[in-house]
Protein chains: 2
Amino acid sequence: MALKKKPVTGMNDMLPREMEIRDYVIQMIKDTYRTFGFSAIETPCVEHIENLLSKQGGENEQLIFKILKRGAKLNLETAKTESDLVDGGLRYDLTLPLSRYYANHANELPSPFKALQVGNVWRADRPQRGRYRQFMQCDIDILGEPSNLAEIELILATSTLLGKLDFRHFTIRINDRQILKAMAGYSGFAKESFDEVFIILDKMDKIGPEGVEMELKEAGYKENVVDTYLTLFKEVTNDLEGIHYLKEKLAGYLEPEVAEGLETIISTVEETKEADFAMRFDPTLVRGMSYYTGTIFEISMDEFGGSVGGGGRYDKMIGKFTGQDTPACGFSIGFERIVLLLLESGYQIPTKKEKKAYLIEKGMPSEGVTRILALAKEERAKGYQVLVSNMKKNKKFQKDQLAQDGYTDVKECFVREFAPQGEE
Amino acid sequence: MALKKKPVTGMNDMLPREMEIRDYVIQMIKDTYRTFGFSAIETPCVEHIENLLSKQGGENEQLIFKILKRGAKLNLETAKTESDLVDGGLRYDLTLPLSRYYANHANELPSPFKALQVGNVWRADRPQRGRYRQFMQCDIDILGEPSNLAEIELILATSTLLGKLDFRHFTIRINDRQILKAMAGYSGFAKESFDEVFIILDKMDKIGPEGVEMELKEAGYKENVVDTYLTLFKEVTNDLEGIHYLKEKLAGYLEPEVAEGLETIISTVEETKEADFAMRFDPTLVRGMSYYTGTIFEISMDEFGGSVGGGGRYDKMIGKFTGQDTPACGFSIGFERIVLLLLESGYQIPTKKEKKAYLIEKGMPSEGVTRILALAKEERAKGYQVLVSNMKKNKKFQKDQLAQDGYTDVKECFVREFAPQGEE
């Protein structure tokens, strides 16, 4: 029998030190989002394979961990393809299951419904540093709210949370899929090519405007179209003025309400934000998922190259389940990245209570153990973390180890002190 | 495209009311067990199929959700059996993964190691009331502690937790596999038949001593053996006297240390317990899992027919991974049953802060929204749960719904109040 000691490829065992930070962050997430009126919900980790493969997940659909049918439903001899073998899969995100959940339970939920989800998702991606095959996602979504109060509250809640975790000077970049489309349309791209154009535009961060220009031309787009497009990006500033400029420039291609909506979101957030961060209009922001229909946003931090969170409006997904569209907007934070940043910065969880240990000398009669446990009980009732352990032969090693685990107050309990009276 | 609205068979969507209780219980678990020096850890939900099928899990191995191999590793044409198709599965408990984890990380962990795990497990069981295919388990385990300080601390921690959740008058029944074996051996059963005898004995609760007697005789055991066995159970009381009686009666079959260990556990727990419960020696307690090697225990409550938790010592499992036995003892509470009992009793989470709502009249200029959000910010910073929402046409319905969700303080924000000065 060959038992395996390592966890499965790409998934992690969590050691106590990391778990302490994870639990602290999760608690902070739940406490903070609760003050914004979000209600925690949960969906099963296993989702119908039909839902997972319904083209809502883009590339993630290639990465599903699929679950074998069971019992009589599984027939190996007649099975021709994978789909004959499986009936479920592990969820690859929390947005698709939320849409199913809302479609199933809308009658039992308030409207608008502010949902908080903290849970694992799975993607059979190539494992690499900071990217795991099982990872925690943390999403807030507002369902049933068409106005940009949804975006404002999502951004305020998320940024307040990050501020409470001592993140500062981060940026939330915002754009709108309508602006993306209007800029491409104005420049002369055909609607059918928008998706390809946006995939190239999405590389702006990495390859710069010259790179984007080159790739667009290599893809066969007309020079004057590409030039108009890139000139637009050069002329637009990353602030309210930039939005205002586009509102006028793109007249006929962009509904003015879209630009005004963005302006309202940015200015309202700037005026009411709690955390130390900046809003930035970023017309190059694309975000991969095709399900976004309106605003899109993403968090950038100097400490971390990539995004540490993002989201947007997806007004059409719930309709795929119900036949009736429901406005929806969500913000997801990159939980694993945030934990990684905190771990690497040596983050100390604030106001932890002192940890105490009682070491029991060998040969302690049970009356002595009882007295020690009674002492521990008193301190535990006060909220102290109290370890009661047998004293080891190598006491120095034991105490060093305890010190390393944060037990600063170690009491050695000797038989001569704790034995019942008269028996010494 | 046929999207499915219901969750997969046997698994549950959690509505906000249930999640509130679940989150509260989880927090109470983490806080309470932390005071006993337990450290939270986590293993991946996916485990190697070889480990899951290694005969540690008894009947649960029939119930595994298996995960299809991916990419080039999956070859449908050459696959003859299920095992050619799968390389992983969803864990069916937290004990087997803990043993793998400890084998993998013992060098990085303190000794003894006190582990706390809260996590989902999956079993493709027949769904029924209160039994789901995905359910939360909550285990504490002490690894590397051979003395019965482990049992004492596990029982104290678990019962203290239940007490904090307002459970009273419950019973923790305790027995030892060595006593089970000694009673059977003394009566004249052959070692090879112990497992079958214990399976029948396990039904004592349901079929009574007469039923057990009948089934044993039907199974072909000698009348005098069965009679001796049942007489033993009749003579034994469910307390320290009963243990003492067996210690003398079973001399030669039972090491006296085993009986003395049980006596110490019971008397020490009785003297140092925090919660209102009783310890009871129960020589008919079997517990199914074959991996138990010593003490076994189980929580009974009048409110709930079955067990709401249990555990025991399994000193041989970690050795299956490492080749070297490590003493291990664990206690698992039935999280789903506890939540069910709290939900059904209409449990109110103590000291919840008032929930406040601001309803924004239609047409509010953005300066007004900003003022309202600033008010909400102040109250959120104080820890209040504050909902900011647009006022609906049917305001009465909206306010009723808010009241139902616990929003007791609802403020209507009219344009005339919140519009900027001079614009009214």
Side-chain angles (χ1 to χ4, degrees), chain A residues 1-8 11 13-16 19 23 30 34-35 37 39-44 46 48 50-51 54 65-68 70 86 88 100-101 103-105 108 110 124 134 147 149 153 264 268 271-272 274 320-321 366 369-370 373-374 377 380 385-388 390 401 405, chain B residues 1-8 11 13-16 19 23 30 34-35 37 39-44 46 48 50-51 54 65-68 70 86 88 100-101 103-104 108 110 124 134 147 149 153 264 268 271-272 274 320-321 366 369-370 373-374 377 380 384-388 390 401 405:
Chain A
M1 185 163 44
L3 292 187
K4 296 188 171 178
K5 285 199 225 179
K6 301 267 171 220
V8 298
M11 301 192 195
D13 285 336
M14 299 294 167
L15 289 168
M19 274 304 289
D23 277 347
K30 297 210 165 185
R34 199 169 286 134
T35 67
S39 300
I41 66 150
E42 250 178 48
T43 67
V46 179
H48 298 287
E50 297 88 340
N51 291 354
S54 67
F65 285 95
K66 294 175 182 166
I67 292 176
L68 207 64
R70 294 151 305 284
V86 301
R100 182 194 57 66
Y101 176 100
N104 193 25
H105 299 287
E108 304 158 75
Q134 170 179 311
S147 88
L149 183 58
E153 286 271 275
T264 303
T268 308
E271 279 167 41
T272 55
E274 170 88 35
K320 298 252 162 66
F321 286 91
S366 69
V369 174
T370 300
L373 287 171
K377 174 166 123 179
R380 285 165 173 166
Q385 182 166 334
V386 183
L387 190 76
V388 178
N390 288 314
Q401 205 185 32
D405 289 337
Chain B
M1 186 165 42
L3 291 187
K4 295 186 170 178
K5 285 199 223 181
K6 299 267 173 220
V8 298
M11 301 191 195
D13 286 335
M14 299 294 168
L15 289 168
M19 273 304 289
D23 277 347
K30 297 211 164 186
R34 198 170 287 136
T35 68
S39 301
I41 65 151
E42 250 179 47
T43 66
V46 179
H48 299 286
E50 297 88 341
N51 292 353
S54 67
F65 284 96
K66 294 175 183 165
I67 291 175
L68 207 64
R70 295 151 305 285
V86 300
R100 182 195 55 67
Y101 175 98
N104 193 25
E108 304 158 76
Q134 170 179 310
S147 88
L149 183 57
E153 286 271 274
T264 303
T268 308
E271 280 167 38
T272 55
E274 170 87 36
K320 298 251 163 67
F321 285 92
S366 68
V369 174
T370 300
L373 287 170
K377 175 166 120 178
R380 286 166 173 167
Y384 286 106
Q385 182 166 334
V386 183
L387 190 77
V388 179
N390 287 315
Q401 205 185 32
D405 290 336

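Each chain gets a letter, A, B and so on, in the order the sequences are listed, and its residues count up from 1. Reckoned from all heavy atoms, side chains included, excluding hydrogens, waters and symmetry mates.
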Report the option among [options] that has the most heavy-atom pairs separated by less than 4.5 Å from atoms of chain A.
options                               : answer
B:Ala40, B:Pro7, B:Ala374             : B:Pro7
B:Lys66, B:Gln385, B:Lys377, B:Arg380 : B:Arg380
B:Pro110, B:Ser39, B:Ala124           : B:Pro110
B:Thr43, B:Thr268, B:Leu15            : B:Leu15
B:Lys30, B:Glu274, B:Lys6             : B:Lys6
B:Gln134, B:Glu108, B:Met19, B:His48  : B:His48

Residue [X] versus chain B: region with a heavy atom under 4.5 Å:
X        : result
A:Glu42  : both
A:Asp405 : side chain
A:Leu149 : side chain
A:Thr272 : both

**Prompt:** Nearest heavy-atom pair of B:Met11 and B:Phe65: which atoms, and what distance?
**Reply:** CE-CZ, 3.8 Å
Heavy-atom distance under 4.5 Å to chain A: side chain of [X], backbone, both or neither?
X        : value
B:Asn390 : both
B:Arg34  : both
B:Tyr101 : both
B:Ile67  : both
B:Val8   : both

**Prompt:** Which value, rounded to the nearest 0.5 Å, describes the distance between B:Lys5 atom NZ and B:Asp13 atom CG?
**Reply:** 12.5 Å
**Prompt:** Distance from B:Asn104 atom CG to B:Phe321 atom CZ, nearest 0.5 Å?
**Reply:** 10.0 Å
For each of [options], tally heavy-atom pairs with chain B at distances under 4.5 Å, and name the one with the top tally.
options                     : result
A:Thr264, A:Val86, A:Thr370 : A:Thr370
A:Gly88, A:Pro44, A:Ser147  : A:Pro44
A:Leu68, A:Leu387, A:Val369 : A:Leu68

**Prompt:** Run the salt bridge (Lys or Arg N to Asp or Glu O under 4.0 Å) check on A:Arg100 and A:Glu50 step by step: do they pass?
**Reply:** CA-CA 12 Å; A:Arg100 182 194 57 66; A:Glu50 297 88 340; over 6 Å; no
